[in-house]
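Contents: one structure, followed by commentary.
Whatever order the structure lists them in is the order used to number ligands and atoms, beginning at 1.
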Amino acid sequence: MYVSDDGKSVYCLGERKHCFDFSSEGYLSLNPRGSGDTKESVKSRKAFLEKNYFQTAARKIADMVGLYVKDCNFLVDAGCGEGYYTNLLSDLSEYTFGVDLSKYACGYAAKKARADKKQNLLYATSSVFDLPLMSGRCDCIVNIFAPCAEEEFCRVLDRGGVLVVAGAGKNHLLGLKEVIYENPYVNTERADLPKNMLLIEKVNLSYDICLRDNADIIDLFSMTPYYWRTSEKDKTKLDKLEKLNTAVEFEISIYKKQT
Ligand SMILES: C[S@@+](CC[C@H](N)C(=O)[O-])C[C@H]1O[C@@H](n2cnc3c(N)ncnc32)[C@H](O)[C@@H]1O
């Protein structure tokens, strides 16, 4: 790939010279028809994450990347959302690439990278199941609360490359569910975790947060899948709630590509 003289597009090196444009926010638009998260849920997630309720978890993920990936040249955040974690992780790698299906998420992420003058950080709209990357070039992939595409991750990871998967532990956001549902359930183990990679370490990070602002509570709820599964009647239970205590529980697993 090479960038056009005016810096607004990139061209593939192949004979047909496919051309992809940068959006006005600065991300590369590789999948203009993809959907991903909606404008509303992206906006809520951005507002919630900016309050740093998940900062402890973000730091733990960064620590684990630092521990297991030495001299990181190329890091990919697969399903990066608005770049909350990507931004932090880009300090650990020479180059960082954030990929998400949602143009709204990539838009916010790229704007922030531009504002922070992060020259080593690029975002693109693309699917984690079809990454716009050559095989064997990545040192590390992080995959946080997003679909895990083991086969595609193994294709783009270098030999010995590291995959960090973070998702919801059993009691993640149980306090929120207790307010909304009569019989709140705990989360079960996700089904898409890697099966053929070598599991090196699994960490369970659990802590409590206290939200004292109704806007934060609504933002938290709106960025979760529960928002789409909850009746209008149950949603109203949050309307006037001014305080919420809830557990935050991240399951963080580190895998290595075996050959
Ligand atoms: C729950 S959000 C997590 C975002 C971010 N990693 C975080 O934790 O803040 C899941 C993200 O995955 C994206 N996503 C869903 N399916 C995807 C796919 N097939 N390829 C790339 N991104 C996808 C959504 O657009 C959304 O931004």
Side-chain angles (χ1 to χ4, degrees), residues 23 25 27-62 64-65 75-90 96-113 121-133 138 140-153 155-156 163-169 172-173 176 187 190-194 205 209 216 219-229 248-253:
S23 71
E25 297 96 333
Y27 67 84
L28 201 50
S29 181
L30 299 181
N31 193 342
R33 283 179 295 280
S35 50
D37 274 11
T38 61
K39 192 175 186 174
E40 293 72 25
S41 77
V42 165
K43 201 170 156 210
S44 294
R45 183 173 307 107
K46 178 176 179 289
F48 178 80
L49 291 175
E50 276 176 359
K51 297 282 181 87
N52 281 325
Y53 292 108
F54 286 0
Q55 193 179 49
T56 306
R59 290 221 172 104
K60 183 69 187 171
I61 291 168
M64 293 183 80
V65 170
L75 180 145
V76 174
D77 187 353
C80 61
E82 312 67 48
Y84 177 74
Y85 302 93
T86 334
N87 209 44
L88 180 67
L89 295 166
S90 68
T96 298
F97 187 47
V99 167
D100 200 286
L101 262 190
S102 167
K103 62 180 179 183
Y104 305 108
C106 286
Y108 279 127
K111 252 184 167 166
K112 170 103 176 88
L121 178 50
L122 177 69
Y123 289 98
T125 49
S126 177
S127 171
V128 299
F129 294 97
D130 186 16
L131 292 167
L133 296 171
C138 301
C140 179
I141 297 179
V142 292
N143 179 238
I144 305 170
F145 286 90
C148 182
E150 180 182 12
E151 204 178 316
E152 182 64 346
F153 294 168
R155 181 185 70 76
V156 300
L163 168 66
V164 180
V165 183
H172 188 56
L173 304 185
L176 174 68
N187 301 311
R190 58 192 281 188
D192 65 345
L193 286 173
L205 176 72
I209 55 173
D216 292 358
D219 281 333
L220 173 62
F221 175 59
S222 309
M223 72 184 228
T224 66
Y226 314 127
Y227 178 82
W228 304 101
R229 301 180 202 144
V248 165
E249 188 178 343
F250 278 54
E251 290 274 353
I252 308 169
S253 308

Indicate yes or no: does an N/O atom of Val128 lie under 3.5 Å from an N/O atom of ligand 1?
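The answer is yes, given that Val128 and ligand 1 share an N or O pair closer than 3.5 Å.
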Please report whether ligand 1 has a polar contact with Phe145, defined as an N or O pair separated by less than 3.5 Å (distance criterion only).
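By distance alone, the answer is no.
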Identify, for [atom], the protein heavy atom at the shortest distance, and state residue, atom and that distance.
atom	answer
atom 16 (N) of ligand 1	Pro147 CG, 3.4 Å
atom 22 (N) of ligand 1	Leu101 N, 3.2 Å
atom 7 (C) of ligand 1	Tyr85 CE1, 3.6 Å
atom 24 (C) of ligand 1	Asp100 OD1, 3.4 Å

Atoms of ligand 1 close to [X] [distance to a heavy atom under 4.0 angstrom, numbered from 1]:
X	answer
Ile144	3 (C), 5 (C), 6 (N), 8 (O)
Ala146	12 (O)
Ser102	25 (O)
Phe129	19 (N)

Is the contact between [X] and ligand 1 made by the side chain, the backbone, both, or neither, using heavy atoms and a 4.0 Å cut-off?
X	result
Val99	neither
Ser126	backbone
Arg45	side chain
Cys80	backbone

Compare Ser127, Gly79, Ala166, Ala57 and give the one whose heavy atom is closest to atom 6 (N) of ligand 1.
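Among Ser127, Gly79, Ala166, Ala57, the closest heavy atom to atom 6 (N) of ligand 1 comes from Gly79.
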Which is it for Arg155 and Glu152 under the salt bridge (Lys or Arg N to Asp or Glu O under 4.0 Å) test, yes or no, and what are the steps along the way?
CA-CA 5 Å; Arg155 181 185 70 76; Glu152 182 64 346; 2.8 Å; yes
Arg45 with Glu82: basic N within carboxylate O range, under 4.0 Å
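Judged by the 4.0 Å cut-off on N to carboxylate O distance, Arg45 and Glu82 do form a salt bridge.
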Taking atom CZ as the centre, does Arg59 end up with more than 12 heavy-atom neighbours from other residues, nucleotides or ligands that are less than 6.0 angstrom away?
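Atom CZ in Arg59 is not packed in, count stays at 12 or less.
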Are Tyr53 and Phe48 close enough that their ring centres sit under 6.0 Å apart?
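That pair passes the under 6.0 Å test.
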So, for Tyr123 and Phe97, is the gap between ring centers shorter than 6.0 Å?
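That pair fails the under 6.0 Å test.
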Verdict with supporting geometry, Phe250 and His172, side-chain contact (heavy atoms from CB on, under 4.5 Å):
CA-CA 7 Å; Phe250 278 54; His172 188 56; 3.9 Å; yes
